[in-house]
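Structure first, commentary second.
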Protein chains: 2
Amino acid sequence: MNKIKPRTLSGFMELLPPSQVCFNIMVHKLRETFSLYGFTALDTPLMELTEILHAKGGGETEKLGYTLRKGDTDLAIRYELTASLAKYVALHYNDLTFPFRRYEIGKVYRGERAQRGRFREFYQADIDIIGDGGLDIINEAELPAVIYRCLTSMGLERFYIRINNRKILSGFFEIIGIKSGAESTNVMRLVDKLDKIGVDKLRASLTDDLELSQAQTDEIVSFVTSSDDPFVALETYKGKNETFDEGFGELSVLQKYLAGFGVPETHYKIDISLARGLDYYTGTVYETILSDYPEVGSVCGGGRYDNLTGYYTDRKMPGVGISLGLTRLFSILQEQGLLNEALLSSPSDVLIIPMTDDLSHAVRLATSMRESGLRAQIYSENKKFKVKVSYADKLGIPFVVFLGEDEIEKGLITVKDMSTGEQTTASSGMLTAGICEKIKVLQKGMPICEKS
Amino acid sequence: MNKIKPRTLSGFMELLPPSQVCFNIMVHKLRETFSLYGFTALDTPLMELTEILHAKGGGETEKLGYTLRKGDTDLAIRYELTASLAKYVALHYNDLTFPFRRYEIGKVYRGERAQRGRFREFYQADIDIIGDGGLDIINEAELPAVIYRCLTSMGLERFYIRINNRKILSGFFEIIGIKSGAESTNVMRLVDKLDKIGVDKLRASLTDDLELSQAQTDEIVSFVTSSDDPFVALETYKGKNETFDEGFGELSVLQKYLAGFGVPETHYKIDISLARGLDYYTGTVYETILSDYPEVGSVCGGGRYDNLTGYYTDRKMPGVGISLGLTRLFSILQEQGLLNEALLSSPSDVLIIPMTDDLSHAVRLATSMRESGLRAQIYSENKKFKVKVSYADKLGIPFVVFLGEDEIEKGLITVKDMSTGEQTTASSGMLTAGICEKIKVLQKGMPICEKS
C-alpha cells in the first residue's frame, strides 16, 4: 500500500504532550479566573449559517472566513466569538438574565497566510458583560482586574494594561475643530498608531496626509503625548464638549475603582492615544502589553460597545468585553523561553513496575493509589528492567514503584523518587500518602516562568 | 436595517447556561478520570488535509464528512478522533514514548440528517493506548475500569459493560466449518445484532439469508445465547482452533483482573455475541449499555486493534481504545430527566448588592471574597431593590450580600441565604468563611441523578 506522508496543516498548532499540559493549565487558570468574576461558560457551535456569521460582511470577513456548502445550506466557520455571542443573546434573550456575563474559550479559524505568530486555527478566550438597555460603568472598571488576575495566575508579572475612553478623543477632536465622521476617524486611526510610528511620523502624517493645520497638529501631539499625567491634560479641555466630558467622567470613575478591584498602579496606564478597532468600540478601550515584548502588540484587548445584537433586533444591548488570543500568547511565551520547564507535565504521578508474572498485586495497588487521587500507571510490557525505568524517566514521571515477590510477601512496596534517586520500602498506605504530599507541591508550578 | 432571524443550525447542540454548567462538569469528571489512569491530553486540529482524514475512504466517510477548499488545498473537518490520532502518532513518533496513553475530548462533525439523538456537531471523548510493536493484554483489562469510574463519577450507576473478544467468534466459526473471510464476516454481523433482532430472527437469517445448515445455525444460536455462564460454553470448544484459544485466553486474563481494577461483577457482562464494527477491531471489544435504556444502544464502546498507523508507516502499532459520545449521552440523560436539577449552576456564589452611591466598599468586598475563592459579582445596575434580589433568584445565586451605610459604618455585612431566607449580619471575614463552607457542600452535587 502506498503510504501517505503524515503532516499537519501550516498555521494549525499541534502540541507535544508536555506543552499541551502547559497550555491546558493556562486554559484552566482562565476558566477559574473568569468564574471568580461571575462569568458563566458558553460553548457555541463552530459552524453557523453564513448569513449569521458573516452578517457584518465586508471584505476581510469574506476573505478570511472558511465557508462550505452542505446540501443546500451555506455554512461558515467562526473567525471570532462575538458574532456567535450576538446570535446567542438574540436567540435566547427570553431565557437569559441581564446583565449577562459569559465567557467562551474556543477555537476560531482564519484563512490567513500562515506566518510566524499568525495562526489559522487558534483559541480565543472572550469575556463579555451584556446589558439590557444599559450597563453601568463599574463593569468597565472590573475588566482590567480580570486581565490582571488571569495573567498573574499564570505566572506572568511583566505586563501592563493600557486604558482609554474613545469619547475623550472624539470630543477633543471636535474641540479643536476636526469634523466628526470621516475626518475624525482618520485622525483617530493615526493617533492610535502613535506607539508604532512615533511622534515625528504622526506629526508629518497629520499635516501632510490629513492636511490639518499646524496649530491642530501641535495641539493633538501635545495632548496625546501627555501620558505622564494625562489627567492634567484632560482637565485643560474639561467643560468644552459634552462627549469629551462624558469620556473624562467615565475614565475617572474607572480609575477610581481600579485599585479596589485589585489592579496595582504598576500594571495599568491611562493612555489617551489609544483608540483600537474603530467601528465597534464606543467608550472604554483596553490593550495589554508585555513589558519586555512591546513589539508583539496587545495580547488581550477589548472595550465598550453599544450595540451587540443590531443585526437581529432593535433592542439596545450594550456591552463590554475583552478577548485574549491564547494560542498566540502561548506561542510568544514559548518562543521567548518563558514557559516553565519545571512544570509537572508527566501523564502520571507514579509508574508501577511489577516484578512478578502475576499482576494482581500491581493492579490492586494502582487501583488504591487512584482512589487516593494519584495518577497511576502500570508498566506491563515485556521489556528489560532498564527500559521500564527509562520509560518513567523519558516521560518525567516523578515516582516509580517496584513490586517484587519480596515486597508482596511482606506487604510492602518500594518507591523510587526519580528526582533524588532515593529508594524507600514501606507500607503502601504510608508511601502513597507521602507521594500525595510531594505531588501537591509539584502541582503548584505556574505555566509561565519569567526570567529575573 | 433588515433584521436577520437569529437561529442555530439543526443538529448543533447549543445549551443554556445551567445545562452548560452540567455538561462542563461531565467533561471535567472525564478529564480527571482519564488522568488518574495515566492518559495525557491531546488537542489536535479540527481540520486536516482531506488526504489525511479521509485516508480510509469509503462512501460513508465521503458522504458524512464536511470538506472545503481554501486556495488550492482540500481540507476536511474531522468526523471522529481516530484518524487525527493515527496521524499524530505517525508524525510525532520520535517524540513520543510508548506505550502512549492519550485522551482527547473534542468536537467532531458529521453531515448526517439531523434527527432525535443524532448530532452534526458533537463531542467525543476518546482514550487510546498505543503500543510500539506490541501491547500487553493487561491494558485491555484496564479500560472497563476507566469506563466504570467515568460514569460513576458523574453519578450514573445503572449501566453495564459488555465485553467480548472477536477472536472467539472468528475461531468458533472456523470450528463449525464457516469459511473465514466474507462468509464469516456476514455471520458475525448478524450475530452482533442478536440484541436487537432476537433469537428467532437470527435463526431465520442464518438459514434463509446466509444459507447455513440447520446444524450450524443451531450450534451458533446455542453458543451465542449461553451468556449466563459463557465460560462453560467456551470450555466446550477449547483446544480445537488456535484463534479461538487465543481469544479465550485473552478474555480469561481480562476477566481475572477486572475486579482488581475496581469493576464490580454487577457492572460487566461477558457477552460472546458482541462483535462491534467489523473491520477495525481484532480482539477485545466493549460496549456500554444503560440498564434502563437498552434501546439507545451503546454509549461508550471500543476495543483492540492491530494497526493504527497503517496508512503512514509499516511499523506495527497496535492499540486499544474507547470512545464516549458525550453530546449524545448528555442529550439522552436530559431527555430522560436524569440530570441533577439541584446542581449548583449559578454563574456566581455571591451577589453583592451595594446600597450606597459610592461602590468602593462593594468593590473591595468583592475583591476580598474572590481572594477567598468565592465567585462574586456586584449588582451595579440602577434598578429597584426587588429587581436586584430577583436577579440572584433567577440565576440561582445562593447568597446575596447587602451593603448599606449602616453596615459600612459598623464594618459589617449582611448576608441572605437564598435557600432559607435567613439573614445574618456580621464581619465580612466570618461570613465569607461561612459561605465558603456552604459552597463546598453545594459543589459536591453530581451531574447525573438517577431516580430511585
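The chains referred to below are lettered A, B, ... by the order of the sequence lines, with proteins before strands, and numbering in each begins at 1.
- Under a 3.5 Å cut-off, the side chain of A:Thr367 and the backbone N or O of B:Gly260 do form a donor-acceptor pair.
- For A:Ala366, no part sits under 4.5 Å from any heavy atom of chain B, backbone or side chain.
- Chain A forms the most heavy-atom pairs under 4.5 Å with one residue out of B:Ser380, B:Ser348, B:Ala145, and that residue is B:Ser380.
- Only the side chain of A:Asn24 comes within contact range of chain B, judged by heavy atoms closer than 4.5 Å.
- Between A:Leu46 and B:Glu121 the shortest side-chain heavy-atom distance falls below 4.5 Å.
- Using a 4.5 Å cut-off between heavy atoms, B:Met47 touches chain A through backbone and side chain atoms alike.
- Contact tally against chain A (heavy-atom pairs below 4.5 Å) for B:Arg364, B:Lys107, B:Arg102: the top residue is B:Lys107.
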Run the numbers on A:Tyr66 and B:Ile77 for side chain to side chain contact (heavy atoms under 4.5 Å, CB included), then give the verdict.
-> CA-CA 11 Å; A:Tyr66 286 96; B:Ile77 303 177; over 6 Å; no
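- Across B:Lys394, B:His361, B:Glu51, B:Arg31, the residue that shares the most heavy-atom pairs under 4.5 angstrom with chain A is B:Glu51.
- Put simply, of A:Leu135, A:Asn382, A:Leu42, the one with the most heavy-atom pairs under 4.5 Å next to chain B is A:Leu135.
- The candidate from B:Pro17, B:Ser345, B:Gly134 with the greatest count of non-hydrogen atom pairs under 4.5 Å with chain A is B:Pro17.
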Step-by-step side chain to side chain contact (heavy atoms under 4.5 Å, CB included) determination, B:Asn139 to A:Glu381 = CA-CA 10 Å; B:Asn139 293 291; A:Glu381 301 312 298; 3.4 Å; yes
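- Distance check, rounded to the nearest 0.5 Å: CD1 of B:Ile52 to NZ of A:Lys5 gives 9.5 Å.
- Proximity to chain B (any heavy atom under 4.5 Å) is restricted, for A:Leu374, to the backbone atoms N, CA, C and O.
- Contacts of A:Glu142 classified as salt bridge (charged side-chain N to carboxylate O under 4.0 Å, His left out), with partners at least two apart in sequence or in another chain: A:Arg101, B:Arg370.
- Only the side chain of A:Tyr123 comes within contact range of chain B, with at least one heavy atom under 4.5 Å from a heavy atom of that chain.
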Side chain to side chain contact (heavy atoms under 4.5 Å, CB included) between B:Lys256 and A:Asp358, worked out = CA-CA 10 Å; B:Lys256 175 184 168 189; A:Asp358 186 278; 2.5 Å; yes
Where do B:Thr67 and A:Leu68 land on the side chain to side chain contact (heavy atoms under 4.5 Å, CB included) test, with the steps shown first?
-> CA-CA 7 Å; B:Thr67 54; A:Leu68 63 157; over 6 Å; no
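- The ring pair (Phe, Tyr, Trp, His ring centres under 6.0 Å) search around B:His92 returns B:Tyr88, not counting sequence neighbours.
- Partner of A:Pro45 under the side-chain contact (heavy atoms from CB on, under 4.5 Å) criterion, chosen from B:Met13, B:Arg120, B:Glu14: B:Glu14.
- Here the side chain of A:Tyr311 pairs no donor or acceptor atom with the backbone of B:Pro6 at under 3.5 angstrom.
- Taking chain B as the reference chain and counting heavy-atom pairs below 4.5 Å, the highest number among A:Val363, A:Leu36, A:Asp136 is found for A:Leu36.
- For A:Lys87, the parts lying under 4.5 angstrom from a heavy atom of chain B are both the backbone and the side chain.
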Intermediate values then yes/no, salt bridge (charged side-chain N to carboxylate O under 4.0 Å, His left out), A:Asp132 and B:Lys383 | CA-CA 12 Å; A:Asp132 187 6; B:Lys383 301 268 178 180; over 6 Å; no
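- Proximity to chain B (any heavy atom under 4.5 Å) is shown, for A:Ile397, by neither the backbone nor the side chain.
- Side-chain atoms of A:Tyr257 come within 3.5 Å of backbone N or O of B:Leu359 as a donor-acceptor pair.
- In this structure, chain B has no heavy atom under 4.5 Å from any part of A:Phe34.
- In this structure, chain A has a heavy atom under 4.5 Å from the side chain of B:Arg149, while its backbone stays farther away.
- Side chain of B:Lys3 to main chain of A:Gly310: a donor-acceptor pair is present (N/O by atom type, distance under 3.5 Å, no hydrogens or angles).
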